[in-house]
Amino acid sequence: MARPETHDDLSDWQRQGHLVAQIPSEHLTRHPALGAHLLAAVAEADRLGLIREADGSIRIPLTDDELDVKVKSEQRSWDWNAERWEKSMAGDTEVCPTWARSGVDAWAKAEGRDLVDWSALDEEAAR
């Protein structure tokens, strides 16, 4: 995985639109009077160009601006983890707090990099 640059670099869940309703198909047949209204809501969602998913979810698509914000956030996260990984691999014992290590490890795995030897850094810091 490389540094995210475009909307296509976001994961599927990050590109999901805003959930406005979830209408599982069993609700359409279990209560016929309600089912007619739910079908009308589904038809209106189609007319409006909303996203309908197999699980009954109806979503408003994200705008390009919203996706741009997500890409920038992912870039900041990628850069932050990359910097902490590089400095930690170089022996910096103070750049990466304990709470952030799992994120740096996940970044390293996704990038195919060696994992930081945190115990060695901890031993060095204790000296």
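Keep in mind the model is a prediction, meaning the values are calculated, not measured.
Under the 4.5 Å side-chain criterion, counting only non-hydrogen atoms from C-beta, I51 is not in contact with I58.
In this view, D12 and R15 satisfy the side-chain contact (heavy atoms from CB on, under 4.5 Å) rule, not counting sequence neighbours. Partners of P97 by side-chain contact (heavy atoms from CB on, under 4.5 Å), not counting sequence neighbours, listed by chain and number: W99, A100. For S77, the side-chain contact (heavy atoms from CB on, under 4.5 Å) partners are N81, not counting sequence neighbours. Applying the side-chain contact (heavy atoms from CB on, under 4.5 Å) rule to T98 yields the partners R101; only residues at least two apart in sequence or on another chain are considered. Here E123 pairs with nothing under the side-chain hydrogen bond (donor to acceptor under 3.5 Å, both in side chains) rule; sequence neighbours left out.
Atoms CD and OG, on Q14 and S73 in that order, are 8.0 Å from each other to the nearest 0.5 Å.
Pairs of residues two or more places apart, or lying in two chains, that qualify as salt bridge (charged side-chain N to carboxylate O under 4.0 Å, His left out) and include a residue from residues 82-94 are E83-K87. Every pair passing salt bridge (charged side-chain N to carboxylate O under 4.0 Å, His left out) that includes a residue from residues 37-64 is listed here, sequence neighbours excluded: E44-R47, D46-R52, E53-R59. The list of side-chain hydrogen bond (donor to acceptor under 3.5 Å, both in side chains) pairs with a residue in residues 29-43, not counting sequence neighbours, is empty.
By the rule that hydrophobic residues join a cluster once side-chain heavy atoms approach within less than 4.5 Å of another member, L19 and L38 end up as members of separate clusters. Clustering ILVMFWY residues whenever any of their side-chain heavy atoms sit less than 4.5 angstrom apart, transitively, puts V95 in a cluster other than the one holding L121.
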Under 3.5 Å, sequence neighbours excluded: what are the donor-acceptor pairs made by side chains of residues 102-113?
residue : atom : partner : partner atom : Å
D105    : OD1  : W118    : NE1          : 3.0
D105    : OD2  : W118    : NE1          : 3.3
E111    : OE2  : W78     : NE1          : 3.0

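Among all heavy-atom pairs drawn from Q75 and P4, the shortest one is NE2-O, 2.9 Å. The shortest non-hydrogen separation linking G49 to P61 is O-CG, 4.1 Å.
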#### Entry: Full working for side chain to side chain contact (heavy atoms under 4.5 Å, CB included) between H18 and E66
CA-CA 11 Å; H18 304 285; E66 289 171 314; 2.8 Å; yes

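Annotation for V71: hydrophobic cluster partners, listed by chain and number, are L10, L62, L67 (ILVMFWY side-chain heavy atoms under 4.5 Å, direct or chained).
For the pair Q22 (side chain) and G56 (backbone), a donor-acceptor distance under 3.5 Å is absent.
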